[in-house]
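What follows is a single structure, written as C-alpha cells, with notes after it.
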Number of protein chains: 4
Amino acid sequence: MVEGIGRGRPRSESARAAVLHAVDDLLVEVGYASLTMKGIAERAGVGRQTVYRWWSNKAEVLYEASVLDAQHELAVPLSGDARTDVEVYLNALIAFLTRSHAGAAYRALVGEAQHDPDVAVLLASRDILGESATAVVDAARAASGTALSAEQAIALLIGPPFFRILSGHDADDIDPKALADQFMRVLDRP
Amino acid sequence: MVEGIGRGRPRSESARAAVLHAVDDLLVEVGYASLTMKGIAERAGVGRQTVYRWWSNKAEVLYEASVLDAQHELAVPLSGDARTDVEVYLNALIAFLTRSHAGAAYRALVGEAQHDPDVAVLLASRDILGESATAVVDAARAASGTALSAEQAIALLIGPPFFRILSGHDADDIDPKALADQFMRVLDRP
Amino acid sequence: MVEGIGRGRPRSESARAAVLHAVDDLLVEVGYASLTMKGIAERAGVGRQTVYRWWSNKAEVLYEASVLDAQHELAVPLSGDARTDVEVYLNALIAFLTRSHAGAAYRALVGEAQHDPDVAVLLASRDILGESATAVVDAARAASGTALSAEQAIALLIGPPFFRILSGHDADDIDPKALADQFMRVLDRP
Amino acid sequence: MVEGIGRGRPRSESARAAVLHAVDDLLVEVGYASLTMKGIAERAGVGRQTVYRWWSNKAEVLYEASVLDAQHELAVPLSGDARTDVEVYLNALIAFLTRSHAGAAYRALVGEAQHDPDVAVLLASRDILGESATAVVDAARAASGTALSAEQAIALLIGPPFFRILSGHDADDIDPKALADQFMRVLDRP
DNA sequence: CCCTAATCGAGACGGTACGTCCAGTCTTGCA
DNA sequence: TGCAAGACTGGACGTACCGTCTCGATTAGGG
C-alpha cells in the first residue's frame, strides 16, 4: 500500500488514540445516547474536524473503539469437547451482550443500524458476533457430521440469546446449558 | 359525551387520530431517523404541546401508531399441522422484519431500546414478537411432547432470523424451510 | 398596522431588550471585531435562534442597538446663530466619530458596508449622520440664501472631518472652528 | 544590516508574485468578504505558511496587491488651470471609489481599519488619497493665495465625495462640477 | 561533493464561530 | 380550559477558516 507520495503533515497517531480512548470513557460515563461528536472531540482534546476527518459519524468511531475489545471478550479457547465449548461460548456471549461495555457499544450499533443505512453497511461489513462463533461452531459441526452450513449453525447458536436480550427480556432467564443442549440436538441428527 | 363536569373544551379525539396517522405517513415518507416531534405535529395540524400531552416521546407515538397494528401481519391461522404452521409463521416473521412498514418501526424501536431505557421498558412491557408466536409454538409443543418451555421454544424459533436480519445479513439468504426443520428437530426429542 | 391575527406566542420584548443591551456591553468590552452572534446570545441569556429570528446578522443588531444613541449624541439645540450652531454641531460630530461608543459602532458599520452589500443597504436606508445635520444645515442655508441643496451642504459639512477620521488621521489635528469658517464661506456667496 | 550570510534557500520571488496575482483575481471574483488566506494560498498554488511568512494578514496582502497600484488611477496631469485640474481630479477620485477594483480594495481596507487597529496603522502609514491630491491642491492653493493649509484643503476636497460614497449614497448624485466650484470658492477668499 | 540551513507545497493539527435544526417548555388568542 | 400557533432557551450538528505545526522535497551557500 503506497498512499500517494506522502505529502503534507501526516496523520497524528496520538490524536487517533485520544479519540478512541475518549469514546471508550464517555460510553461508560454518559452512555451512547448522550455521546456526541462535540463531546468526543472535547474530551479527547482534539479539534472537531479532526474527528470528522477520519470518521464520518459517531457509529464509526464507536465501531473502531469497541470492535477489538469485542473480539477479545468473545474469544474462547477450544477444549476439544464441542458440547463444553459451545456452552462456554454462550456464557461469554451472554456476558458480552448484557454486562460488557464493548457489548453495550455493539448493541447500540445494532440499534443505530436499524434506522441508519450507513451504520447498517458498516455493521454488515464485519460480522463480529458471527466471526467470534466460527471456531466453536466449526468444531461442533465437524464433530457431529451435520448437514447445516456454518451460517445456519451460527444463527442457530447466537439467535436465541440475541433475540431475548435485545428485545428486553431479563437476561437471568436465559439458561446457557439448555441453549447448548438445544444447539447440539439440532446438529446431532442428519 | 359526559366526561364529568367537563369545564372547558373537551379533548379532541380527532387530534389524537391525526397524530397517529401523521406518524404512519411520515414513517414511510421520511423514515424513522428523520421523524421529529415537530414534524409529526405539523403534519397532523396539531400543536406540539398536544403531542407531548399524550405521548412522552416519539417512541411511544410510534409504538401506538405502528407496532400494535403489526399483530395483524404476524397472525397466522393454525392448520392443525404443526410443521406447516411453523413454516408459515416464519415466512410471515421474515416478511414483517424485512419488508413491512410496521416491521421497520418495530426494528427502529428495538434499536432505540438499546440506548434508551424508557424505550426498553416500553418494549419489554409487551413482547409483540413473542406473543405472535405463542399460538404456533404452543401447538407445536403440544404435538411433540417436548420438555422445552414456551419461552425457550419461542426464542429458538424467532432468534435465528431475528439475529440475521438485525445484524444486517441479506434476508434472501434465510431459508424458512430449513429453520422450520431445525426447530421441529429440537422439539421432536424429549 | 395589523400584523395578521396574532396567533402564537408573541415576541418577547425582554429578549429583544436583553440582546440590544448585550450588544452595547460587548461592543465596549471586546470591540466590534470580537463581537459574535454566539457571544451576543450567550451574554443576553437568549437562544441563538432568537437572535437570528429578528436580526439576520450582527450589523443589524448593532444598527438597532446604536442608532438611537447616535441620534441623541448628535442632536444639538439651535441657538439662532447659524455660525455658532455649525461649530457646535461639528464638535458633536467629531466627538461622536472619535470618542463615543455609538460612534465606534457607526464607524464599524460603515466599514462593514464596504464589503457587505446587505450592510450597505441597511446603512443607506437611513442616513444617520445626514439626518443629524439637517436642522443645522437648513438653518444655515436659510440664513445665507445659498443655492446649494441640502444634500450638497450636508456633504460639505460632514465630509472633511469624516474623511480625516475614517482614513486614520489624528483627530486632534481637526479644527472645528476652521471647518465652520470654510463651510460658512461656501454658503455666504450666491 | 547585512542580512546574515544568506544561508538557506532564498525567498521565491515567483511565489510572491503568484500570491499578489491571486489576490487581485480573487478580489474581483469573490469580493473582499470572501477573501481568505486559505483561498489566496490555494489559488496561488502556494503553501499557507508562505503567505503568512511574508504578510501577517490579508489586509497587508491586499494593500500590496492593489492599493499601491491605485496611485496610477488617481494621477492627473496638471494643465495649469487650477479649476479644471480640480474637477478632473474629482472625476478620477469618484471613479476610483465607485468603479475601480483598486478602489474597492481601498474602501475595504478603510472599512477594516475601523475595527482592526493593525489595519488602521497600515492605512495611516501612507495616506494614499491625500497624496494623490497634493499636486492639484498645492497648485490651487498657490493660485489663490488662500490661508488654508494643505491638509485642510485636501480634506475639503476629498471629504464630501468620500463621505457620500462610503455612507452608501448613490454615486450618480454627486456633481463633480459643483464640488469643484465649492472648493474653489473657499480658496478664493482670504 | 556533501553539509547545513532556510525555503517551498501540502495538508493535518487544535480552536472557534457560523447558521441550522430539533427538543421540550411557555404564552398568546380563539373556540 | 383545551387547542393551534409559534416564540422561547438550550445545545448538537457539520462546515469553514484561523494561524500553527509537521512532513518530504528543493535550493542555495560554505566547507
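Numbered from 1 within each chain, the chains take letters A, B, ... in sequence-line order.
Between the P atom of E:dG24 and the CD atom of B:Glu60 lies a distance of 11 Å, rounded to the nearest Å. What separates CD of B:Glu42 from P of E:dA23 is a distance of 11 Å, to the nearest Å. For the pair B:Arg43 CZ and F:dA4 C1', the interatomic distance rounds to 18 Å; values are reported in whole Å. The CZ-P distance, from B:Arg53 to F:dT1, rounds to 13 Å in whole Å. Between the CD atom of C:Glu13 and the P atom of E:dC26 there is a distance of 21 Å, given to the nearest Å.
Pairs of residues two or more places apart, or lying in two chains, that qualify as side chain to side chain donor-acceptor pair (under 3.5 Å) and include a residue from residues 113-123 of chain D are C:Arg107-D:Gln114. Counting only residues at least two apart or in different chains, ring-ring contact (aromatic ring centres under 6.0 Å, His included) contacts with residues 35-61 of chain C are absent.
Legend: residues meeting salt bridge (Lys or Arg N to Asp or Glu O under 4.0 Å) with C:Glu60, ordered by chain and number and at least two apart, are absent. Checked against side chain to side chain contact (heavy atoms under 4.5 Å, CB included), D:Ala102 has the following partners two or more places apart in sequence or in another chain: D:Ala70, D:Glu73, D:Phe96, D:Ser100. Looking at residues two or more places apart in sequence or on another chain, you find a salt bridge (Lys or Arg N to Asp or Glu O under 4.0 Å) between A:Arg126 and A:Glu131. A search for salt bridge (Lys or Arg N to Asp or Glu O under 4.0 Å) contacts involving C:Arg16 returns C:Glu13, C:Glu64, not counting sequence neighbours. Remark: D:Ser14 engages D:Ser12 in a side-chain hydrogen bond (donor to acceptor under 3.5 Å, both in side chains) (not counting sequence neighbours). Under the side-chain hydrogen bond (donor to acceptor under 3.5 Å, both in side chains) criterion, B:Ser167 pairs with B:His169, not counting sequence neighbours.
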Close N/O contacts between protein and nucleotides 1-6 of chain E (under 3.5 Å):
residue	atom	partner	partner atom	Å
E:dA6	N3	D:Arg9	N	3.2

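Put simply, the side chain of A:Lys58 gets close to the backbone of A:Leu35: a donor and an acceptor are under 3.5 Å apart. No donor-acceptor pair closer than 3.5 Å links the side chain of C:Thr50 to the backbone N or O of C:Val46.
With distances taken from any side-chain atom of A:Thr50 to the nucleotides E:dC8, E:dC13, F:dT9, the minimum falls on E:dC13.
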Distance-only check: which donor-acceptor pairs under 3.5 Å involve side-chain atoms of residues 20-29 of chain C, not counting sequence neighbours?
residue	atom	partner	partner atom	Å
C:Glu29	OE1	C:Arg43	NH1	3.2
C:Glu29	OE1	C:Arg43	NH2	3.4
C:Glu29	OE2	C:Arg43	NH2	2.6

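DNA chain E is contacted by no residue of residues 110-119 of chain B, taking any non-hydrogen atom closer than 4.0 Å.
Residue C:Ser12 is classed as a sugar-phosphate contact, given heavy-atom separations below 4.0 Å to backbone atoms only.
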(message) How would you summarise protein contacts on nucleotides 16-21 of chain E per nucleotide, using B for base, S for sugar-phosphate only and - for none, with heavy-atom distances below 4.0 Å?
(response) -BBBBB
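Of the two residues near DNA chain E, B:Ser34 and C:Pro10, the one whose nearest nucleotide lies more 5' is B:Ser34.
For F:dC8, the OP1/OP2 oxygens have a side-chain nitrogen or oxygen of C:Trp54 closer than 4.0 Å.
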